[in-house]
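Below is one structure, written out as structure tokens; comments come after it.
For ligands, and for the atoms within them, numbers begin at 1 and follow the listed sequence.
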Amino acid sequence: MPCAAATLWRAAGPGVALRLLGQAEVRPDFVSPAEEAALARELEPQLRRRHYQFDHWDGAIHGFRETEKSHWSAECQQILERVRAAALPPNIPHLGPVHVLDLDKNGYIKPHVDSVKFCGCTIAGLSLLSASVMRLVSEENPEDWLDMLLPPCSLYILRGPARYNFTHQILRDEDSFFNGQRVPRKRRISLICRSLPLPP
Ligand code: OGA
Ligand code: MN
């Protein structure tokens with residue numbers, strides 16, 4: 001784990017840290033503030049047409065609007081290629097459209113595991129606009145957890161066990177602390193790239 005990233009990663013203990021090392025990763029400053037602005041600018045017209053949804057009683061996500069985007073400007077396409085090259089395993093098909101999730105400042109994501117029907121072994125997300133805390137909790141033993149601080153402009157990657165055997169969530173503003181430090185949650189946009197499940 002590079003030193004800069006170690007300050008973004010906090011595990012319940014050495015056992016869970018060893019299990020998740022290299023499987024759950026944060027790369028700060030993966031995009032520049034100018035690239036972040038370009039992505040946000042390009043997404044804004046498409047997002048603005050939708051309303052934030054708050055009342056989904058059974059859904060994992062609250063206070064959000066979302067879209068899928070396949071066509072990007074050359075500048076943004078290049079950034080997304082960089083994400084895929086850095087995060088997704090080579091020679092494995094990935095979902096073409098990018099999943100864009102816009103969380104209101106009061107929005108949050110409850111613990112869940114992405115459906116194995118739609119998503120393969122790797123999930124990679126760019127976090128824009130606001131810092132947030134992503135918490136992973138072992139499905140086997142809830143005392144095994146990992147918190148990752150996701151600064152704006154960072155990329156996170158969940159692979160293998162981090163993707164299949166741990167739930168992930170984005171903490172709501174009231175609960176948004178990392179290592180005892182408050183991490184105010186403002187509006188946050190994430191761009192999520194996923195590998196596809198392999199055929200049986
Ligand atoms: C999801 C999810 C995380 C994020 O949409 O399944 O977990 O970074 N999103 O927005
Ligand atoms: Mn998810």
Side-chain angles (χ1 to χ4, degrees), residues 5 8-9 20 23-31 35-36 39-40 43-44 46-47 50 52-54 56 58-70 79-80 82-84 86-88 94-139 145-173 175-176 178 183-197:
L8 306 175
W9 215 79
L20 292 179
Q23 310 291 327
E25 200 185 323
V26 192
R27 301 198 193 175
D29 304 314
F30 191 84
V31 298
E35 289 172 324
E36 174 190 47
L39 289 163
L43 286 167
E44 199 59 37
Q46 205 166 326
L47 291 171
R50 295 158 202 270
Y52 287 106
Q53 293 172 244
F54 284 93
H56 241 267
D58 64 342
I61 314 182
H62 286 255
F64 73 104
R65 48 192 185 182
E66 67 184 337
T67 187
E68 286 190 342
K69 191 165 163 62
S70 304
I79 301 168
L80 292 164
R82 237 165 68 215
V83 169
R84 294 190 179 109
L88 301 184
H94 60 77
L95 215 63
V98 176
H99 178 197
V100 177
L101 188 65
D102 176 352
L103 278 184
D104 176 72
K105 64 181 183 346
N106 297 311
Y108 60 98
I109 306 180
K110 293 198 290 192
H112 69 280
V113 175
D114 282 20
S115 162
V116 293
K117 264 195 243 165
F118 307 110
C119 176
C121 61
T122 308
I123 303 169
L126 267 184
S127 289
L128 309 181
L129 307 185
S130 172
S132 59
V133 179
M134 176 174 271
R135 176 166 296 160
L136 270 54
V137 179
S138 162
E139 291 216 285
W145 55 262
L146 170 76
D147 281 354
M148 295 197 289
L149 177 60
L150 308 179
C153 297
S154 66
L155 174 72
Y156 69 82
I157 308 169
L158 304 179
R159 308 184 170 92
R163 178 261 180 271
Y164 290 112
N165 307 127
F166 285 72
T167 60
H168 56 273
Q169 59 187 299
I170 294 285
L171 302 183
R172 67 172 97 195
D173 184 50
D175 303 331
S176 190
F178 179 80
V183 179
R185 257 290 322 288
K186 292 166 280 175
R187 178 188 176 206
R188 168 185 184 266
I189 294 180
S190 53
L191 281 76
I192 307 156
C193 299
R194 295 177 169 95
S195 66
L196 281 172

Sub-4.5 Å side-chain heavy-atom contact between [X] and [Y]:
X    : Y    : value
Q169 : D175 : no
R163 : V116 : yes
L171 : V183 : no
R159 : Q23  : yes
I170 : L150 : yes

Just to confirm my output: which protein heavy-atom neighbour is closest to atom 7 (O) of ligand 1, and how far is it?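 Answer for atom 7 (O) of ligand 1: H168 NE2, 2.9 Å.
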Please write down residue, atom name and distance for the protein heavy atom closest to atom 8 (O) of ligand 1.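 Scanning the protein heavy atoms, the shortest distance from atom 8 (O) of ligand 1 goes to Y156 OH, 2.7 Å.
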Looking only at side chains, do R188 and S127 share a donor and an acceptor under 3.5 Å apart?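 There is such a pair between these side chains.
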Ligand-residue contact atoms, ligand 1 with [X], heavy atoms, under 4.0 Å:
X    : answer
R194 : 1 (C), 5 (O), 6 (O)
D114 : 6 (O)
I192 : 4 (C), 5 (O), 9 (N), 10 (O)
S190 : 4 (C), 8 (O), 10 (O)

Shell of protein N/O/S atoms around the Mn ion (ligand 2), taken as anything under 2.8 Å: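 You should have found H112 NE2, D114 OD1, H168 NE2.
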Quick one: pull up CG in L155 and OG in S190 and give me the separation to the nearest 0.5 Å.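 It is 11.5 Å, given to the nearest 0.5 Å.
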In sequence, state the C-alpha distance, the side-chain angles, and the governing distance for E139 and T167, and then conclude on side chain to side chain contact (heavy atoms under 4.5 Å, CB included). CA-CA 7 Å; E139 291 216 285; T167 60; 3.8 Å; yes
Of R65, R50, K69, which meets salt bridge (charged side-chain N to carboxylate O under 4.0 Å, His left out) against D102?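 Only one option passes, and that is R65.
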Could you tell me whether ligand 1 has any atom less than 4.0 Å away from a heavy atom of E66?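 Heavy atoms of E66 never come under 4.0 Å of ligand 1.
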Sub-4.0 Å heavy-atom approach of Q169 to ligand 1: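 No.
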Ring pair (Phe, Tyr, Trp, His ring centres under 6.0 Å) contacts in which one or both residues fall within residues 150-169, not counting sequence neighbours: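 Output for this query lists H112-H168.
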Report the part of L150 in contact with ligand 1, treating N, CA, C, O as backbone and CB onward as side chain, heavy atoms under 4.0 Å; options are side chain, backbone, both, neither.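 No part of L150 comes within reach of ligand 1.
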